[in-house]
2 protein chains.
Amino acid sequence: MASSAHELTPRAREIVAAARELLEAEGPEGLSMRRVADRVGIRAPSIYKHLPDKEALEAALISAGFEEWAEAFKGETPEELGRAYRAYALAHPHLYRLMTERPLARERLTPGLEERAAQPIVDAVGGDADAARAVWAFAHGMTMLELNGRFPPGADLDAAWAAGMRAFRR
Amino acid sequence: MASSAHELTPRAREIVAAARELLEAEGPEGLSMRRVADRVGIRAPSIYKHLPDKEALEAALISAGFEEWAEAFKGETPEELGRAYRAYALAHPHLYRLMTERPLARERLTPGLEERAAQPIVDAVGGDADAARAVWAFAHGMTMLELNGRFPPGADLDAAWAAGMRAFRR
DNA sequence: GTCTATATCAAGATAGAC
DNA sequence: GTCTATCTTGATATAGAC
């Protein structure tokens, strides 16, 4: 019950802030309780006085990301949304991965947050849920393949993004 | 030089076959040298007499997957390709993840294999490389979001796939 | 609220005997 | 080609003193 981001104590917020720095610097693989504690200036076991476990820490980071999505993607056309989506992921690649590449612990999130973050995509395609899922899949696929270096070295990703957004516009 | 799949010794092939079984049963997280050795009936250190390291083992699994892609996706229309892509991923979800969710160790693969596996997608869209990348991104995004349970519980994924393929057909 | 000490577990990989 | 023994590293988490 105390695991939603808006219910954290001040000290817990400090720990989450340190975790965010560490995540952005080194990725989900480098996010250990010990390393987080180092950044805060305490020992790893002390974290457990403020957060129940590592999953709660990750949920706080993911929640912050969803809040940022809801803000960054608000009121855009499909083309603008695509650009904003890619820009966010490239600016925060490790947070993006933490947010998307695993099953989501929905019971750890503030109720309604996931829907709120998804709403800009639904709005951008005119309210069609199936089309929204298709556009999201395209954007997510482009993003993950780019982040993982899976396109050929010389690939024109701007052109691939444009080709996809053009297809969905009609 | 001895790490490409077609250059493996018979004993190494047995080890890779055991690794494939383990991977398909438990996923990339469960794929440890110890567990693979258990399936073969030997101790983990013995594996190193046949394969240089774990990455070589993974490269052999990934190479096999690409060979299967090149075969399974041959000569399809975009719609058929999408269905075949999704069917392969759902039939081999853990291999699909191993193949796609990390940077690719291209120097460990048989030269030309990656391009051969990608060719059916390029052919299906009429040779336009940008369009092929966009379609691949859509298919990969749909696949990963489905495998990770990221769509809402009631989402009609057949409809989302259809919406995407329809958009790319025109 | 912090600490030390520890439990528990698991990973990849190497040395050297047989 | 296989083994045992071991190195090295690292993880999450708990117990209990202060």
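What you see below is based on every heavy atom in this structure, not just the backbone, and it leaves out hydrogens, waters and symmetry mates. Just so it is clear: chains get the letters A, B, ... in the order the sequence lines come, proteins before strands, and each one is counted from 1.
Taking the nucleotide of DNA chain C with the nearest heavy atom to each of Lys49(B) and Glu55(B), the more 5' of the two is matched to Glu55(B).
Between Leu23(A) atom CG and Leu95(A) atom CG the span is 5.5 Å, to the nearest 0.5 Å. With values rounded to the nearest 0.5 angstrom, Leu22(B) atom CG is found 5.5 Å from Arg39(B) atom CZ.
Between Arg102(B) and Glu29(A), none of the side-chain N atoms (NZ, or NE/NH1/NH2) sits under 4.0 Å from a carboxylate O, so this pair counts as no salt bridge. A salt bridge is defined here as a Lys NZ or Arg NE, NH1 or NH2 lying under 4.0 Å from an Asp or Glu carboxylate O, and Glu24(A) with Arg20(A) meets this definition.
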What pairs of nitrogen or oxygen atoms, one from the protein and one from nucleotides 9-11 of chain D, lie under 3.5 Å apart?
residue	atom	partner	partner atom	Å
dA11(D)	OP1	Ser32(A)	OG	3.1
dA11(D)	OP2	Arg34(A)	NE	3.4
dA11(D)	N7	Arg34(A)	NH2	2.3

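When distances are taken from the side chain of Pro45(A) to each of dA5(D), dT2(C), dT4(C), the shortest belongs to dT4(C).
Counting heavy atoms of neighbouring residues, nucleotides and ligands inside a 6.0 Å radius, atom CZ of Arg106(A) exceeds 12 of them.
The distance from atom CD1 of Ile47(B) to atom C1' of dA11(C) is 13 Å, rounded to the nearest whole Å. Between Glu58(B) atom CD and dG12(C) atom C1' there is a gap of 11 Å when expressed in whole angstrom units.
Between Ser46(B) and dG1(D) there is no side-chain polar atom (N or O) within less than 4.0 angstrom of OP1 or OP2. For Arg43(B), a side-chain nitrogen or oxygen approaches OP1 or OP2 of dT4(D) to under 4.0 Å.
In summary, the side chains of Glu26(B) and His94(B) do not present any donor paired with an acceptor at a separation below 3.5 Å, with no hydrogens or angles considered.
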